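As the structure is a prediction and not an experimental result, all values here were calculated from the model.
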Amino acid sequence: MIRLRTLQLIKRHFHSFFRHNTPTKFVNLVHIYYQFWRGRRVVQGYPFEIIIDPINFCNLRCPLCVTGQHKNRRPYGTMLFEEFTRIIDEMRQWLYKVRFYSWGEPLLHKDIYRMISYTHRNNIGTEVSTNFHFFSNEDQDAEKLIDSGLELLIVSLDGTTEKTYMEYRIGGDFRKVLNNIKALTKAKTVKRSHFPVVEIQFLAMKHNEHEIPDMKKLAKELGVDRLRIAPLTLNVRDPNQVKEWLPANEKWSRYDYPTLEDKIYRKRRRCEWLWRSAVINWDSTISPCCVFEGPKSDFGSLKERSFEKIWNNEQYQVSRNVFNKNHKSFTDLKTICERCKGMPLAEDDQQYGLY
């Protein structure tokens, strides 16, 4: 499962590198990884991929999702289009890709197609992960999505029947999702467009793992480009989550049975996120990665300072320094990265999922 996951992630990012490469971006990428391998805490270079969370609320109530359970620590809100374009204008010379999702349902944002289009026009790849309920007019919205220039659409579909799907995607409409997928794949055929690449993401859980063979058949019938069987992330410190959701077959799990050790984060490694990526929340605050939700992970605000000034501030330097052997603290400042150290775990047994 872990090896398969790596190959699947490479496929996701393949198009962005070759479609949007420039000499400036490539030099920046090489420079970033050189400094990553050297463990430099001050980085001469900038992220080549970012996550922008345009909105942090959702229409579904998924049981293991902090947003679905209305447990977000960050206030709900949406990013203004003008603020979004300002961010892109500052960072476009380095970026290969923008991923439009983190803690909310991106297609709920009224300007999401404009955001994608603006990013596309600036020679940056685009990716959206969605529960795919928000086509008011299937044919027209499918064309709008294609015309926006979106490169990758990841659709969450965790069942081949309404009953199985609704077990986790509480509040969802199984038939609506299927019809929207069909409308999009049909529109791609009519417009002879290769994009967006449509990927179904199926989270493997105890109640749906028996449907994996049927999901492979359904994906072909829907005409999507690929299917990803993804491992579920949960809070292993909560025995109830483990008992209810973990698949019986360890093949589909990210956890080692019976120790429940996370196979993805089994070894402590230097965290690439601190050198190559960043998360920009709806309120323009910067977080180092997409694992921990809320202000506890904030490293600065783009409403107060430019990204260039935040990227090597004290929080970032302290966090990168954590991964250097025999590192010595040069400040009393503590960050979320010092607790994580590249092996994220839930803080207690009360958290929903890992976050």
Can you label the angle between the Trp37 ring and the Tyr33 ring as parallel, tilted or perpendicular, going by 30° and 60°? tilted

Chi angles and distances behind the side-chain hydrogen bond (donor to acceptor under 3.5 Å, both in side chains) call for Ser156, Asn131: CA-CA 5 Å; Ser156 298; Asn131 60 51; over 6 Å; no

For Tyr76, does the OH atom sit with more than 12 other heavy atoms under 6.0 Å from it, leaving out its own atoms? yes

Parallel, tilted or perpendicular: rings of His207 and Trp245 (30°, 60°): perpendicular

List the steps and the verdict of side-chain contact (heavy atoms from CB on, under 4.5 Å) for Gln93 and Tyr46. CA-CA 10 Å; Gln93 61 182 316; Tyr46 297 95; over 6 Å; no

If you compare all heavy atoms of Arg254 against all heavy atoms of Thr233, which two are closest, and at what distance to 0.1 Å? NH1-OG1, 2.5 Å

To the nearest 0.5 angstrom, please state how far the NE2 atom of His210 sits from the CE atom of Met215. 11.0 Å

Would you kindly confirm whether Phe18 and Leu29 end up in one hydrophobic cluster when ILVMFWY residues are joined by side chain heavy atoms under 4.5 Å apart? yes

Find out whether Asn321 and Val318 are in side-chain contact, i.e. whether some heavy atom of one side chain is under 4.5 Å from a heavy atom of the other. no

Relative to each other, are the rings of Tyr165 and Phe174 parallel, tilted or perpendicular (30° and 60° limits)? tilted

Mark yes or no: Arg276 above the aromatic ring of Trp94, with NZ or CZ under 6.0 Å from the six-membered ring centre and no more than 45 degrees from the axis. no

Can you tell me how far CD of Gln317 sits from CG of Asn312, rounded to the nearest 0.5 angstrom? 6.0 Å

Report yes if some heavy atom in the side chain of Val43 is under 4.5 Å from a heavy atom in the side chain of Tyr316; otherwise report no. no

Do Asp141 and Lys144 pass the salt bridge (Lys or Arg N to Asp or Glu O under 4.0 Å) test, and can you show the C-alpha distance, the side-chain angles, and the key distance before you say yes or no? CA-CA 5 Å; Asp141 286 350; Lys144 284 168 58 179; 3.8 Å; yes

Salt-bridged, Arg86 to Asp89, with N to O below 4.0 Å? no

Apply the test side-chain contact (heavy atoms from CB on, under 4.5 Å) to residues Glu211 and Leu218: give CA-CA distance (whole Å), side-chain angles for both, the deciding distance (0.1 Å), then the verdict. CA-CA 10 Å; Glu211 290 190 349; Leu218 179 59; over 6 Å; no

Are Tyr168 and Leu64 close enough that some pair of their side-chain heavy atoms sits under 4.5 Å apart? yes

Where do Lys97 and Glu127 come nearest, in terms of heavy atoms and distance? NZ-OE1, 2.8 Å

Nearest heavy-atom neighbours spanning Leu260 and Val236: O-CG1, 3.9 Å

Apply the hydrophobic cluster definition, ILVMFWY joined by side-chain contacts under 4.5 Å directly or through others, and give me every member besides Leu80. none

Hey, which of Trp103, Phe100, Trp273 is the one that makes side chain to side chain contact (heavy atoms under 4.5 Å, CB included) with Ile51? Trp273

Heavy-atom count check: over 12 atoms from other residues, nucleotides or ligands less than 6.0 Å from Lys309 NZ? no

Distance to the ring centre below 6.0 angstrom and angle to the axis at most 45 degrees; does that hold for Arg114 and Phe84? no

For side-chain contact (heavy atoms from CB on, under 4.5 Å), just list the numbers for Ile280 and Asp53, CA-CA rounded to whole Å, side-chain angles, deciding distance to a tenth of an Å, and then say yes or no. CA-CA 6 Å; Ile280 303 177; Asp53 196 17; over 6 Å; no

Between the side chain of Glu261 and the main-chain N/O of Asp256, is any donor-acceptor distance below 3.5 Å? no

Report yes or no: do Val279 and Met79 belong to one cluster of Ile/Leu/Val/Met/Phe/Trp/Tyr joined by side chain heavy-atom distances under 4.5 Å? no

Hey, quick one: are Tyr257 and Leu232 part of the same hydrophobic cluster, counting side-chain heavy atoms closer than 4.5 Å, chains of contacts allowed? yes

Students often mix this up, so state it plainly: with edges at 30° and 60°, are the rings of Trp275 and Phe36 parallel, tilted or perpendicular? perpendicular

Minimum heavy-atom distance between Asp298 and Ser287, given as atom pair plus value: OD1-OG, 3.8 Å

Can you tell whether the side chains of Asp225 and Lys188 come within less than 4.0 Å, N to carboxylate O? yes

What's the spacing between Leu95 CG and Ile88 CD1 if we round to 0.5 Å? 6.0 Å

Working note: Tyr34 + Arg38, criterion side-chain hydrogen bond (donor to acceptor under 3.5 Å, both in side chains); need CA distance, chi angles, decisive distance, verdict. CA-CA 6 Å; Tyr34 172 76; Arg38 295 294 300 271; 2.7 Å; yes

Determine whether Arg99 and Glu49 satisfy the following criterion, side-chain contact (heavy atoms from CB on, under 4.5 Å), listing intermediate values before the conclusion. CA-CA 8 Å; Arg99 294 156 62 183; Glu49 177 195 44; 3.1 Å; yes

Do Thr119 and Thr126 pair up side chain to side chain, a donor and an acceptor below 3.5 Å, judged on atom types alone? no

Distance-minimising heavy-atom pair for Pro54 and Tyr101: CD-N, 4.4 Å

Mark yes or no for whether Ser319, through its side chain, and Gln315, through its backbone, hold a donor-acceptor pair below 3.5 Å. yes

Non-hydrogen side-chain atoms of Arg73 and Pro295 separated by less than 4.5 Å: yes

For Lys71 versus Glu293, what's the shortest heavy-atom pair and its separation? O-OE1, 4.5 Å

